[in-house]
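Notes follow the structure.
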Amino acid sequence: MSKSLPSRADNYSEWYNELVKRADLAENSAVRGCMIIKPYGYSIWEKMQRALDDMFKETGHTNAYFPLFIPKSFLSKEASHVEGFAKECAVVTHYRLKNDPNGGGVIVDPDAKLEEELIVRPTSETVIWSSYKNWIQSYRDLPLLINQWANVVRWEMRTRLFLRTAEFLWQEGHTAHATKKEAIEETEQMLEVYADFAENFMAMPVVKGIKTANERFAGADETYCIEALMQDGKALQAGTSHFLGQNFAKAFDVKFLSKENQLDYVWGTSWGVSTRLMGALIMAHSDDQGLVLPPKLAPIQVVIVPIYKGEEQLNAIIEKVNPLVKSLRKSGVSVKFDTSDNQSPGFKFAEYELKGVPIRLAIGNRDMENGTIELARRDTREKTSMAFDGIEQVVLDTLEDIQTKIYAKALAFRTEKTHVVNTWDEFNAKLEEGGFISAHWDGSSETEEKIKELTKATIRCIPLDAKEEAGTCILTGNPSNKRVLFARAY
RNA sequence: CGGGGUGUAGCGUAGCCCGGUAUCGCGCUUGGUUUGGGACCAAGAGGUCGUAGGUUCGAAUCCUGCCACCCCGACCA
């Protein structure tokens, strides 16, 4: 294994792949397209889960669990939904294996064919709505606010660790409401939750917007999304929140009796974020030295590396550092004091930088004599020698500062890479530079398709904060009343 | 699924054109010396050369099929 990572400038995707593996986040599995999330990677995901789950609970949702398998018939109930997912579903056809009578290990027992094939869920709207039918009779049963943490399978052609895998972990919220207004409010509320999480925990700025009809979720009336910009100038859809209208209620016959004794279909939403956020997190901040993790999601926030000659010095350092470790932990900081002696300090420095540990403290004999300790921050790679006394407060402040600074840096990058263009030539020129392009579009699917065909750029979203502004479509010259955001995307 | 490429120890590789049972580095084990930015010395362990078949006295090497992975397209969170 060579020591340094491929650089982002040389080969961005190779840099990404190598980083995921070297930082011990994940690796490919024996099954094509599936990934093994390793302990270090999983602990980041767990931190994301915890934060999101708390936010879901605060907004009134509860968790439940629905099965992995979906009867094939369920999937055909909502027409556009099937169309969207049919091409990428894994199907269970048999329930038993047997020994090959010809000797070659086990084979599928042809006598064990299922009467109705089962689909491995690509998403759970159908199973969940078939249950909601039994759970909802009256307006008093509404709203129904449920979330589940689960794995889903979408048989993708080309996969990349975290960004697109055949099986991935996610959460999917599925809610049912008495009124359209309330369902839309829920959809918008969850989009806000996602944006809040992305910005305040992941330190990743996002654009909130709605998808065009082409990019909409299969079965939704409206898809809201958060879009982030990666360091290579490509956009990444980081989360979606769908207003389902009455589509699934009609498909699964979910009706309720209102206060006015009127029978009506319920209104639905669904919303999800996945382990793809891990990919977003990696690409948003990391550099050629390795991961850069926001303190709020870093499994190890502070690592302490002792530098010593002989056991006596090590013991003195341990004695000095232990109280610091204890008090930092008491303040809720996750600390690793790495006293292992099978690696040199230099190796440890490089290793913890690769893993994105926000703060490194190094203490050696020199510091012991001077009453100092060295603090290195991962985001800027600055090292400062400072007084040992009072270091705890400095660490706490620095963690907050890193969280703020990496957000500011990512935001500055996005601002710099967001181009407002008015002509087709400008559009193409800026597209090559990468980034978001804010331009007028005539609102037709044909034009959107045409632009995609010509440039590989898609409309990421119509930003929620887009101003009313008269203009002409970048391609057709037809009138437009607001700008949309284009980019090449993951 | 189309076009291109690659499969040799845990990882990265040499050898392949020109057939004779595998090279080097990292990592690993043991012992010693080290430790302020990826330490050094010594001794070890580890390989049915992706897989199935063919040619041959003999195949990592030549031929054919298959599989996997990577890059570029079509599809997607």
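Residue numbers start from 1 in every chain, and the chains themselves are labelled A, B, ... in the order their sequence lines are given, proteins ahead of strands.
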Review point. Take atom NZ in A:K234; do more than 12 heavy atoms of anything else shown fall under 6.0 Å from it?
Key: yes

Practice item. With P as the reference atom in both, quote the distance from B:C63 to B:G5 in angstrom, rounded to an integer. Key: 14 Å

Review point. How is A:F168 classified with respect to the nucleic acid when contacts are heavy atoms under 4.0 Å: base, sugar-phosphate, or nothing?
Key: base

Review point. Nearest-Å distance, CD (A:E88) to C1' (B:C1)?
Key: 15 Å

Check your understanding: Between A:R377 (CZ) and B:G37 (C1'), how many Å, whole number?
Key -> 19 Å

For nucleotides 69-74 of chain B, give me every protein contact, N/O to N/O, under 3.5 Å, one pair per line with atom names.
{"residue": "B:C69", "atom": "OP2", "partner": "A:R32", "partner atom": "NH1", "Å": "3.2"}
{"residue": "B:C72", "atom": "OP2", "partner": "A:R158", "partner atom": "NH2", "Å": "2.8"}
{"residue": "B:G73", "atom": "OP1", "partner": "A:K456", "partner atom": "NZ", "Å": "2.8"}

Exercise for review: Examine A:K320 relative to A:F388 and say whether NZ or CZ is less than 6.0 Å from the centre of the six-membered ring and inside a 45° cone about the ring axis.
Suggested key: yes

Exercise for review: Determine, for A:R50 against A:D54, whether the closest basic-nitrogen to carboxylate-oxygen distance falls under 4.0 angstrom.
Suggested key: no

Review point. Using a distance-only test with no angle check, is there a side-chain donor-acceptor pair under 3.5 angstrom linking A:E172 and A:Q148?
Key: yes

Exercise for review: Scan A:S274 against the nucleic acid and name what it touches under 4.0 Å (heavy atoms): base, sugar-phosphate only, or nothing.
Suggested key: base

Review point. How many Å lie between CD on A:Q313 and P on B:G36, as a whole number?
Key: 12 Å

Review point. With a distance cut-off below 6.0 Å to the six-membered ring centre and an angular limit of 45° from the axis, does A:R164 pair with A:Y490 as a cation-pi contact?
Key: no

Review point. Mind checking who B:U34 pairs with, Watson-Crick or G-U wobble, both distances under 3.5 Å?
Key: none

Review point. Considering every strand shown, what is the Watson-Crick or G-U wobble mate of B:U55 when both distances are under 3.5 Å?
Key: none

Exercise for review: For A:K383 and for A:A489, find the nucleotide of RNA chain B with the closest heavy atom, then tell me which residue's nucleotide is more 5'.
Suggested key: A:K383

Check your understanding: Is any side-chain N of the basic residue among A:E14 and A:R8 closer than 4.0 Å to the acidic one's carboxylate O?
Key -> no

Review point. How long is the line joining CZ of A:R360 and P of B:G38, in whole Å?
Key: 12 Å

Practice item. Could you let me know what B:U29 is paired to, Watson-Crick or G-U wobble, both distances under 3.5 Å, or none if it's on its own? Key: B:A43

Practice item. Determine the Euclidean distance between corresponding P atoms of B:U48 and B:A22; express it in Å to zero decimal places. Key: 12 Å

**Study point:** Nucleotide paired to B:A68 in any strand shown, Watson-Crick or G-U, under 3.5 Å
**Key:** B:U6

Review point. Is any side-chain N of the basic residue among A:K405 and A:D379 closer than 4.0 Å to the acidic one's carboxylate O?
Key: no

**Study point:** Nearest-Å distance once atom P is located in both B:A9 and B:C24
**Key:** 15 Å

Exercise for review: Kindly point out which of B:G36, B:C76, B:G37 is positioned nearest to the side chain of A:E156?
Suggested key: B:C76

Review point. Just how far, in rounded Å, is C1' of B:G37 from CD1 of A:I363?
Key: 18 Å

Exercise for review: With heavy atoms under 4.0 Å as the rule, sort A:L236 into base, sugar-phosphate or nothing.
Suggested key: nothing

Review point. With rounding to whole Å, what would you report as the distance between B:G46 and B:U30 at their P atoms?
Key: 16 Å

Point to revise | Carboxylate-amine/guanidinium contact A:D287 A:R381, below 4.0 Å | key: no

Review point. Thinking salt bridges, do A:K21 and A:E27 make one under a 4.0 Å N-O criterion?
Key: no

Check your understanding: Expressed in angstrom and rounded to an integer, what is the separation of A:R22 atom CZ from B:C26 atom P?
Key -> 16 Å

Check your understanding: Under 4.0 Å between a Lys/Arg side-chain N and an Asp/Glu carboxylate O for A:E433 and A:K417?
Key -> no

With the criterion being N/O to N/O and under 3.5 Å, what pairs connect the protein with nucleotides 32-35 of chain B, and how long is each?
{"residue": "B:U35", "atom": "OP1", "partner": "A:K309", "partner atom": "NZ", "Å": "3.2"}

**Study point:** Nearest-Å distance once atom P is located in both B:C17 and B:G31
**Key:** 45 Å

**Study point:** Atom P, compared across B:U51 and B:C11: separation rounded to whole Å
**Key:** 14 Å

Practice item. Rounded to the nearest angstrom, tell me the gap between atom CG in A:N342 and atom C1' in B:G31. Key: 16 Å

**Study point:** Value in whole Å for how far the C1' atom of B:G36 lies from CD1 of A:I317
**Key:** 11 Å

Practice item. In whole angstrom, give me the gap between the C1' atoms of B:A45 and B:G4. Key: 40 Å

Practice item. Could you tell me whether the side chain of A:N365 has a donor or acceptor atom within less than 3.5 Å of a complementary atom in the base of B:G36? Key: no

**Study point:** Check ion pair A:K208-A:E192 (N to O, under 4.0 angstrom)
**Key:** yes

Review point. Say you pick atom C1' in B:G38 and the same atom in B:U56; how far apart are they, in whole Å?
Key: 49 Å

Practice item. Using a heavy-atom cut-off of under 4.0 Å over every strand shown, decide if A:Q237 touches base, sugar-phosphate, or nothing. Key: sugar-phosphate

Review point. So which one's nearest nucleotide on RNA chain B is more toward 5', A:A362 or A:A238?
Key: A:A362

Exercise for review: Answer with base, sugar-phosphate or nothing: what part of the nucleic acid does A:T165 contact at a heavy-atom distance below 4.0 Å?
Suggested key: base

Review point. Would you call A:E351-A:R22 a salt bridge at under 4.0 Å N-O?
Key: no

